[in-house]
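One structure is given here, and the rest of the page talks about it.
All values reported here derive from a predicted model rather than from experimental measurement. In the text below, chain A, chain B and the rest are named by the order of the sequence lines, each starting its count at 1.
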Protein chains: 2
Amino acid sequence: MARDTRSRMIAGAARLVGTRGAASMSLRELARAAGVPIGSTYHHFPGGKQQLVEEAVRSVGAHVTRRIEAGRDDGPAAALEALADEWRDVLERTGFGSGCPVLAVATEDDPALGALATQVFEAWQESLTAVLVDAGVDEQRAPRLAMLVVAAIEGAVALCRAERSLRPLEDSVVELRGLLDSALG
Amino acid sequence: MARDTRSRMIAGAARLVGTRGAASMSLRELARAAGVPIGSTYHHFPGGKQQLVEEAVRSVGAHVTRRIEAGRDDGPAAALEALADEWRDVLERTGFGSGCPVLAVATEDDPALGALATQVFEAWQESLTAVLVDAGVDEQRAPRLAMLVVAAIEGAVALCRAERSLRPLEDSVVELRGLLDSALG
DNA sequence: CCCTGGCTATGACAGTCGTCATAGACTCCG
DNA sequence: CGGAGTCTATGACGACTGTCATAGCCAGGG
């Protein structure tokens, strides 16, 4: 029961941070949305809001990293598709109401959360770099390509949310796939 | 004097929105930062915070559009560089404290501001598309490339802010330039 | 049976927020 | 000099925030 409340709060926090940003997410609203008691927030998260947001961002980060690495043997195109798929799902499930919580945290003013976002982005880049190198991409170039992929996907997700359409993500993926293909030679 | 107060408030709002986001920007803080009287906010902006944020985003959008179109005859590489230059300047001048206010507004929950952000992004994409077509890029592909460029630059700026380094932007620009070059043939 | 300990519920706290009404201070024209 | 109109200053309003102390509930073990 305790674990359930805790994980529901983390999942809800991830969605709410992706919706309003960490600063604008209210603990009362989170409790309401997650269907958990308001008053016991500090029982499960003694570190308060900061701890809650940190765990939510870390959890999303780890989940996406796993998704990238799951298809490591299927090549760069599959890794790109995994990344895009994750956010396509989120955008569609929430009716373009929520985006990437890591990006949300990266664009806010809290240095601790900024450093956390960087950790997550770097983990994604490392996984992508490994896939690229495996596929024969130049070792100098692979990290740069991985950086572009992460930046472009994150930017595209934000554009999708504003435009309430998947087109920015789909267009970006088409061009990125072409670029990755041409880098394999 | 009036015009001066007004434009200082708009410039300050652009910076603050790029720093904390529109929802977390306080009118009191804006007045303090812009060195203008707190109480007269609603004299200059009867529409309140919403009008202020809208004018700030529109002003930044128009400025960047002009910068892209200024070098229209210098080709895609110059347009890309103009876009990157704008945000490099902002990031450096603010010590990675402020990013792109249009992206900030795009990732928040206000549908009106989201639509506004989309307008700005579309204006940028149209300018870039024109430059690409001028340079001989396929007319089907040019809008897609422009979309990727905008998404990637915006994403990269966010990563720069979190990482407190220009590397994400520089890396992305290198790869984007290569891609644009290879699309000219 | 009681009672201990994990969980929940309620409400207070100090602070900030956007908004606006009102009153004072200026500048400039007649 | 006087008055009109533009701008500034002050402070109030209700609502919301994160945080936490306190008290109550309710299952499990002795």
Open item on the list: The criterion is side chain to side chain contact (heavy atoms under 4.5 Å, CB included); which residues satisfy it with A:E54, sequence neighbours excluded?
Closed with: A:Q50, A:R58, A:L113, A:L116
Rounded to whole angstroms, how far apart are [atom1] on [X] and [atom2] on [N]?
| X | N | atom1 | atom2 | value |
| --- | --- | --- | --- | --- |
| B:L52 | C:dG18 | CG | P | 10 Å |
| A:D4 | C:dG6 | CG | P | 19 Å |
| B:Q51 | C:dT19 | CD | C1' | 14 Å |
| A:R6 | C:dG6 | CZ | P | 15 Å |
| A:L30 | D:dT19 | CG | P | 12 Å |
| B:R8 | D:dC7 | CZ | P | 14 Å |
| A:Y42 | D:dC20 | OH | P | 6 Å |

Task: Residue whose closest nucleotide on DNA chain D lies nearer the 5' end, A:P46 versus B:V36 - done: B:V36
Task: Set of residues satisfying salt bridge (Lys or Arg N to Asp or Glu O under 4.0 Å) with respect to A:R88, sequence neighbours excluded - done: A:E81, A:D85, A:E170
TODO: Sequence neighbours left out, what passes salt bridge (Lys or Arg N to Asp or Glu O under 4.0 Å) with B:R164? Give chain and number order.
DONE: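 B:R164 satisfies salt bridge (Lys or Arg N to Asp or Glu O under 4.0 Å) with no residue once adjacent residues are dropped.
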Using a cut-off of strictly less than 4.0 Å, decide whether [X] has a side-chain nitrogen or oxygen near OP1 or OP2 of [N].
| X | N | value |
| --- | --- | --- |
| B:T41 | D:dT8 | no |
| A:T5 | C:dT8 | yes |
| A:H43 | C:dA9 | no |

Between the protein and nucleotides 11-17 of chain D, list every N/O to N/O distance that falls short of 3.5 Å.
from   : atom 1 : to    : atom 2 : distance (Å)
D:dT17 : OP1    : A:S26 : OG     : 3.1

For residues 30-37 of chain B, which side-chain N or O atoms pair as donor and acceptor with protein atoms under 3.5 Å away, sequence neighbours left out?
none

- [ ] Indicate the atoms forming the closest heavy-atom contact of B:Q125 with A:L159, along with that distance.
- [x] NE2-CD1, 3.9 Å
TODO: Might you point out which heavy atoms bring B:L179 and B:S182 nearest each other, and give the distance in Å?
DONE: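 Here B:L179 and B:S182 meet closest at O-OG, 3.0 Å.
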Open item on the list: Does anything in residues 104-116 of chain A form a side-chain hydrogen bond (donor to acceptor under 3.5 Å, both in side chains)? List the pairs, not counting sequence neighbours.
Closed with: A:D109-B:R20
